[in-house]
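Following: one structure in structure tokens, then a few remarks.
Quantities reported herein were computed from a predicted structural model and do not represent experimental measurements. Residue indices begin at 1 and follow the sequence shown. Just the heavy atoms: all of them, side chains too, but no hydrogens, waters or symmetry mates, feed the values below.
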Amino acid sequence: MTPKVLAQLDQLDADLAQLLDRLMQEQHSVLAHKLSPERWSAYEVLQHLMLSEAGSLRYLRKKSQGLSQMKKAGFRAALRSWLVTVTLKSPLKFKTPKGTGVEVFSPVESFALLSGQWQKQREEMRQFLSELPLEIFEKEAYRHPRGGMLTIGGMLQFFKVHFERHSIQIARAIYEVKPR
């Protein structure tokens, strides 16, 4: 794993730990509450983020078997990564990709169980990335559903911006539910 990717992973894990520490203080009913059928609860947003990362990791596992067929990343991959970042930082709304939305959400039994699953998933991602050959980090190894082919660093940048975007959504969902 490259030092840059390691730093990105460390930051993702620190951000996740900070969010989970904040959410641990909330009641289950607050995290599960939906203000309306079309709006997500905090738990649903968390599930979306987890499913997105899990699907990305599944894709990367499969794609990493064909290292010799991957294109070397260049300006276009960097541009696509930048476009994904800018788009996710905008106020635009997007339809969730198949397999990461309400159609696959399940009831959350407890916050501890959900957070434990996500932390385990992150550990598996870190382990997997640490076992990859260094040359894959210079390739277009990951396909973002809307942004196209990115490097693994681009994938982790997407995770960061996606996480930041939805962290705001989680905070808003909790704020709107809690009595003042």
(message) Quick one: does any side-chain atom of S81 pair with a main-chain N or O of A77 as donor and acceptor, under 3.5 Å?
(response) no
(message) With heavy-atom distances below 4.5 Å as the criterion, would you say the side chains of E44 and R39 are in contact?
(response) no
(request) Identify whether L12 and L46 are in the same connected component of the hydrophobic contact network (ILVMFWY, side-chain heavy atoms under 4.5 Å). (result) no
(message) Quick one: does any side-chain atom of E176 pair with a main-chain N or O of A173 as donor and acceptor, under 3.5 Å?
(response) no
(request) State, to 0.1 Å, how close L31 and F111 come at their nearest heavy-atom pair, and which atoms those are. (result) CD1-CD1, 3.9 Å
(request) Applying ring-ring contact (aromatic ring centres under 6.0 Å, His included), name anything that partners Y43, two or more places apart in sequence or on another chain. (result) H28
Sequence neighbours excluded and cut-off under 3.5 Å, please list the side-chain donor-acceptor pairs for residues 138-151, or say none.
from	atom 1	to	atom 2	distance (Å)
E138	OE1	K72	NZ	3.3
E140	OE2	R80	NH2	2.7
Y142	OH	S56	OG	3.0
H144	ND1	R146	N	3.0
H144	ND1	G147	N	2.8
R146	NH2	K95	O	2.5
T151	OG1	G153	N	3.4
T151	OG1	G154	N	2.9

(message) Run H33 and V30 through side-chain contact (heavy atoms from CB on, under 4.5 Å) and show every step you take.
(response) CA-CA 5 Å; H33 188 78; V30 169; 5.9 Å; no
(message) For a quick test of reading the model, state the closest non-hydrogen atom pair linking S167 to L19 and the distance between them.
(response) OG-CD2, 4.3 Å
(request) For residues 82-93, pull every pair meeting salt bridge (Lys or Arg N to Asp or Glu O under 4.0 Å), keeping only residues two or more places apart or in separate chains. (result) none
(request) May I ask you to decide whether K98 forms a salt bridge with E103, counting only side-chain N to carboxylate O separations under 4.0 Å? (result) no
(request) Assess whether atom CD of Q18 is packed by more than 12 heavy atoms of other residues, nucleotides or ligands within 6.0 Å. (result) no
(request) Any chance you could lay out the side-chain contact (heavy atoms from CB on, under 4.5 Å) test for F159 and M125, step after step, and finish with the verdict? (result) CA-CA 12 Å; F159 286 177; M125 178 173 54; 3.5 Å; yes
(message) Quick check for you: to the nearest 0.5 Å, what is the distance between L9 atom CG and M1 atom CE?
(response) 5.5 Å
(request) Decide if atom CD of Q27 counts as having more than 12 heavy atoms of other residues, nucleotides or ligands within a radius under 6.0 Å. (result) no
(message) Could you tell me if E131 and Q127 have a donor-acceptor pair between their side chains, going purely by distance under 3.5 Å?
(response) yes
(message) Side chains of L49 and F163, heavy atoms from C-beta outward: is any pair under 4.5 Å?
(response) yes
(message) Going by side-chain contact (heavy atoms from CB on, under 4.5 Å), name the residues that satisfy it together with R165, two or more places apart in sequence or in a different chain.
(response) L88, F94
(request) Answer yes or no: are there more than 12 heavy-atom neighbours, outside K71 itself, under 6.0 Å from its atom NZ? (result) no
(message) So R126 and D13, do their side chains get closer than 4.5 Å, heavy atoms only?
(response) yes
(message) Is there a side-chain contact between V108 and L113 in this structure, where contact means two heavy atoms from C-beta onward sitting under 4.5 Å apart?
(response) no
(request) Apply salt bridge (Lys or Arg N to Asp or Glu O under 4.0 Å) to K160 and E164, showing your working. (result) CA-CA 6 Å; K160 178 185 184 318; E164 290 168 352; 2.4 Å; yes
(message) Hydrophobic cluster membership, with links at side-chain heavy-atom distances under 4.5 Å among I/L/V/M/F/W/Y: are F158 and W118 in one?
(response) no
(request) Write out all pairs satisfying ring pair (Phe, Tyr, Trp, His ring centres under 6.0 Å) with one or both partners inside residues 45-79, taking only residues at least two apart or from two chains. (result) W40-H48, H48-H162, H48-H166
(message) Taking L60's backbone N and O only, do any of them form a donor-acceptor pair with S64's side chain (distance below 3.5 Å, no angle check)?
(response) yes
(request) Let me know which of L6, T2, I152 forms a side chain to side chain contact (heavy atoms under 4.5 Å, CB included) with L129. (result) I152
(request) Not counting sequence neighbours, list each pair that qualifies as a salt bridge (Lys or Arg N to Asp or Glu O under 4.0 Å) and has a residue in residues 51-67. (result) E53-R122
(message) Please report the interatomic distance CG(L16) to CD(Q121), rounded to the nearest 0.5 Å.
(response) 9.5 Å
(message) Are L79 and L156 linked, directly or through intermediate hydrophobic residues, by side-chain heavy-atom contacts shorter than 4.5 Å (ILVMFWY only)?
(response) no
(message) In this structure, would M50 and M155 fall into the same cluster of hydrophobic residues linked by side-chain contacts under 4.5 Å?
(response) no
(message) Membership question, hydrophobic clusters at under 4.5 Å side-chain separation (ILVMFWY): are M24 and L114 in the same one?
(response) yes
(message) Quick check: closest heavy atoms across A42 and I170, and the distance to 0.1 Å?
(response) CB-CG2, 4.0 Å
